[in-house]
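Because only heavy atoms are used, hydrogens play no part in the values below, and waters and symmetry mates are left out as well, while side chains stay in.
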Protein chains: 2
Amino acid sequence: MQYFMAKLKLHNLKFTPRRIAIIQLFLSNNIFTPEEIWNRLKKQFKKCGLPGVYRNLESLVECGILAKIHKIDRKRYYGLCSAKENIHHHHIICLQCGKVDDISDCFFEKKETIKGYKLISHYIQLNGICEGCLNK
Amino acid sequence: MQYFMAKLKLHNLKFTPRRIAIIQLFLSNNIFTPEEIWNRLKKQFKKCGLPGVYRNLESLVECGILAKIHKIDRKRYYGLCSAKENIHHHHIICLQCGKVDDISDCFFEKKETIKGYKLISHYIQLNGICEGCLNK
DNA sequence: CTCCTAAATAGAAATAGTTTCTATTTAATA
DNA sequence: TATTAAATAGAAACTATTTCTATTTAGGAG
Ligand SMILES: [Mn+2]
Ligand SMILES: [Mn+2]
Ligand SMILES: [Zn+2]
Ligand SMILES: [Zn+2]
């Protein structure tokens with residue numbers, strides 16, 4: 001928790017009860033939608049607004065604690081990002097349990113141009129079944 | 001156009017005026033949102049519904065004529081997919097003019113496992129500036 | 001510890017993008 | 001030409017997300 005507190009401080013973000021609770025939910029290494037987070041928070045806090053959850057999730061992404069995860073449905077997903085500081089990396093998601101892991105080898109990181117295009121950015125996401133789920 | 005007609009036929013989809021017009025818009029090699037397509041179609045057809053545009057764009061993806069493109073905003077984007085049949089590939093988009101090109105080398109295509117995960121699927125999208133825009 | 005202020009919050013309302021529904025029309029085949 | 005599945009418009013519904021306003025709170029300064 002000290003680790004997260006430091007990251008928040010670095011970005012002038014306060015260490016609030018809501019944020020502590022949200023981070024704790026993500027410590028399971030699962031991915032969640034804003035609404036899923038909200039449903040869980042409502043059990044802990046008698047007052048709890050959905051817009052606040054949205055804002056918090058974005059704040060936590062900004063300071064590198066969470067990562068956005070993409071799925072085919074129209075919802076947003078977030079997962080814990082355990083990579084050190086500003087290291088370029090991508091994520092692999094377990095389609096069964098929602099576990100997230102960092103993938104740090106990236107073929108495109110050093111590439112400057114491809115097919116005549118000057119490369120500006122790229123998005124990669126891998127989906128699979130994690131070791132834990134495979135051994136069940 | 002014969003080419004597209006054949007692709008549609010293969011999927012039991014009709015070669016309608018709406019679809020012809022939509023394909024023609026994409027022949028510029030640009031990416032468009034459903035609403036952008038709708039705005040252009042409204043100039044050609046006095047009656048033209050947005051739900052129909054949504055349905056058509058999805059149909060055209062299903063039969064391999066269009067590809068879904070992802071951006072950070074909440075909108076859907078589509079672009080012409082010029083790859084032959086079911087060849088595994090990804091896309092690179094010009095951030096300036098919206099041009100789309102196919103990228104066929106894929107590091108992950110043959111990979112079976114990564115970090116203990118059994119790989120099921122992956123999503124890659126490259127963003128850059130195309131040759132045309134660079135030379136302006 | 002007390003005061004101060006920027007940051008965080010809830011709740012209501014608004015918005016934007018997308019989907020569903022129903023009745024009508026049309027493309028493609030026989 | 002007749003038939004029929006597919007396509008369509010338009011209205012309404014829906015869902016995820018954002019904006020707005022007033023109130024509260026975390027964390028630093030004194
Ligand atoms: Mn990460
Ligand atoms: Mn393509
Ligand atoms: Zn990368
Ligand atoms: Zn690939």
Side-chain angles (χ1 to χ4, degrees), chain A residues 1-2 4-25 31-63 65-66 68-78, chain B residues 1-2 4-25 31-63 65-66 68-78:
Chain A
M1 272 299 159
Q2 285 307 107
F4 299 116
M5 198 173 154
K7 278 212 161 184
L8 285 166
K9 196 170 203 172
L10 213 70
H11 289 255
N12 285 317
L13 296 171
K14 293 177 179 170
F15 196 59
T16 68
R18 292 282 181 290
R19 283 183 184 147
I20 296 169
I22 291 175
I23 291 170
Q24 265 159 356
L25 288 173
I31 62 176
F32 297 106
T33 63
E35 199 170 9
E36 284 165 351
I37 292 291
W38 184 48
N39 284 327
R40 285 162 201 252
L41 289 190
K42 278 190 291 188
K43 291 173 190 160
Q44 294 181 52
F45 303 94
K46 54 171 169 280
K47 288 193 167 191
C48 184
L50 187 51
V53 173
Y54 273 89
R55 258 179 289 108
N56 272 325
L57 292 171
E58 278 307 299
S59 304
L60 292 170
V61 168
E62 263 169 46
C63 68
I65 292 173
L66 297 183
K68 294 190 190 191
I69 305 300
H70 293 252
K71 291 222 184 188
I72 11 67
D73 60 24
R74 179 136 272 73
K75 294 173 193 159
R76 293 186 170 181
Y77 288 84
Y78 297 85
Chain B
M1 271 300 160
Q2 284 307 106
F4 298 116
M5 199 173 154
K7 276 211 160 184
L8 285 166
K9 196 168 201 171
L10 214 70
H11 289 254
N12 285 318
L13 296 171
K14 292 178 180 171
F15 195 58
T16 68
R18 292 284 182 287
R19 283 183 183 147
I20 296 170
I22 291 176
I23 291 171
Q24 266 159 355
L25 288 173
I31 63 176
F32 296 107
T33 63
E35 200 169 9
E36 285 166 351
I37 292 291
W38 186 47
N39 284 327
R40 285 160 201 254
L41 289 190
K42 278 190 291 190
K43 292 173 190 160
Q44 294 180 53
F45 302 93
K46 52 171 171 279
K47 288 194 167 191
C48 184
L50 188 50
V53 173
Y54 273 90
R55 258 180 288 108
N56 272 325
L57 291 172
E58 278 306 298
S59 303
L60 292 171
V61 168
E62 262 169 47
C63 69
I65 292 174
L66 298 183
K68 294 190 190 190
I69 304 301
H70 292 253
K71 291 221 183 189
I72 11 67
D73 61 24
R74 178 139 270 71
K75 296 171 191 161
R76 293 187 169 183
Y77 288 84
Y78 296 86

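Rounded to an integer number of Å, the gap from A:F45 CZ to D:dT24 P is 18 Å. Atom pair A:D73:CG and D:dT15:C1' shows a separation of 12 Å (rounding to whole Å applied). Taking atom CH2 on B:W38 and atom C1' on C:dA16, their separation rounds to 13 Å, with Å as the unit. The CG-C1' distance, from B:L60 to D:dA6, rounds to 14 Å in whole Å. Atom CD1 of B:I20 is separated from atom C1' of D:dT8 by 15 Å (rounded to the nearest Å). A straight line from CD of B:E36 to C1' of C:dG17 spans 13 Å, rounded to a whole angstrom. The interatomic distance linking A:E35 (CD) with D:dT15 (C1') rounds to 9 Å, in whole Å.
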Could you walk me through whether B:Y78 and B:K68 pass the side-chain contact (heavy atoms from CB on, under 4.5 Å) test, one step at a time? CA-CA 5 Å; B:Y78 296 86; B:K68 294 190 190 190; 4.0 Å; yes
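Among the protein residues, A:K9 comes within range of the sugar-phosphate backbone only, with heavy atoms under 4.0 Å from sugar or phosphate atoms but none that close to a base.
Side-chain nitrogen and oxygen atoms of A:T16 include at least one within less than 4.0 Å of the OP1 or OP2 phosphate oxygen of C:dT9. Contact annotation: B:R74 side-chain N/O to D:dA16 OP1/OP2 distance is not under 4.0 Å. OP1 or OP2 of C:dA8 lies within a sub-4.0 Å distance of a side-chain N or O belonging to A:R19. Put simply, A:R76 has a side-chain N or O that comes within less than 4.0 Å of OP1 or OP2 on D:dT17.
When every heavy atom of A:L25 is checked against every heavy atom of A:F32, the shortest pair comes out as O-CE1, 3.4 Å. Shown here for A:H11 and A:E62, the closest heavy-atom pair between the two residues is CE1-O, 3.5 Å.
Proximity note for B:K14 (side chain, C-beta onward) versus C:dA28, C:dG17, D:dA9: the nearest is C:dA28.
Side-chain atoms of B:K75 stay outside donor-acceptor range of the base of C:dA16, with no qualifying N/O pair under 3.5 Å.
A 6.0 Å sphere centred on NZ of A:K42 holds more than 12 heavy atoms belonging to other residues, nucleotides or ligands. Surrounding CD of A:E58 are more than 12 heavy atoms belonging to other residues, nucleotides or ligands, all under 6.0 Å away.
Side-chain N or O atoms of A:R19 include one that pairs as donor or acceptor with a backbone N or O of A:K14 at under 3.5 Å.
Looking at residues 47-57 of chain B, you'll see B:L50, B:P51, B:Y54 sit with a heavy atom under 4.0 Å from some atom of DNA chain C.
With a 4.5 Å cut-off on side-chain heavy atoms, B:R74 and A:R74 do not count as touching.
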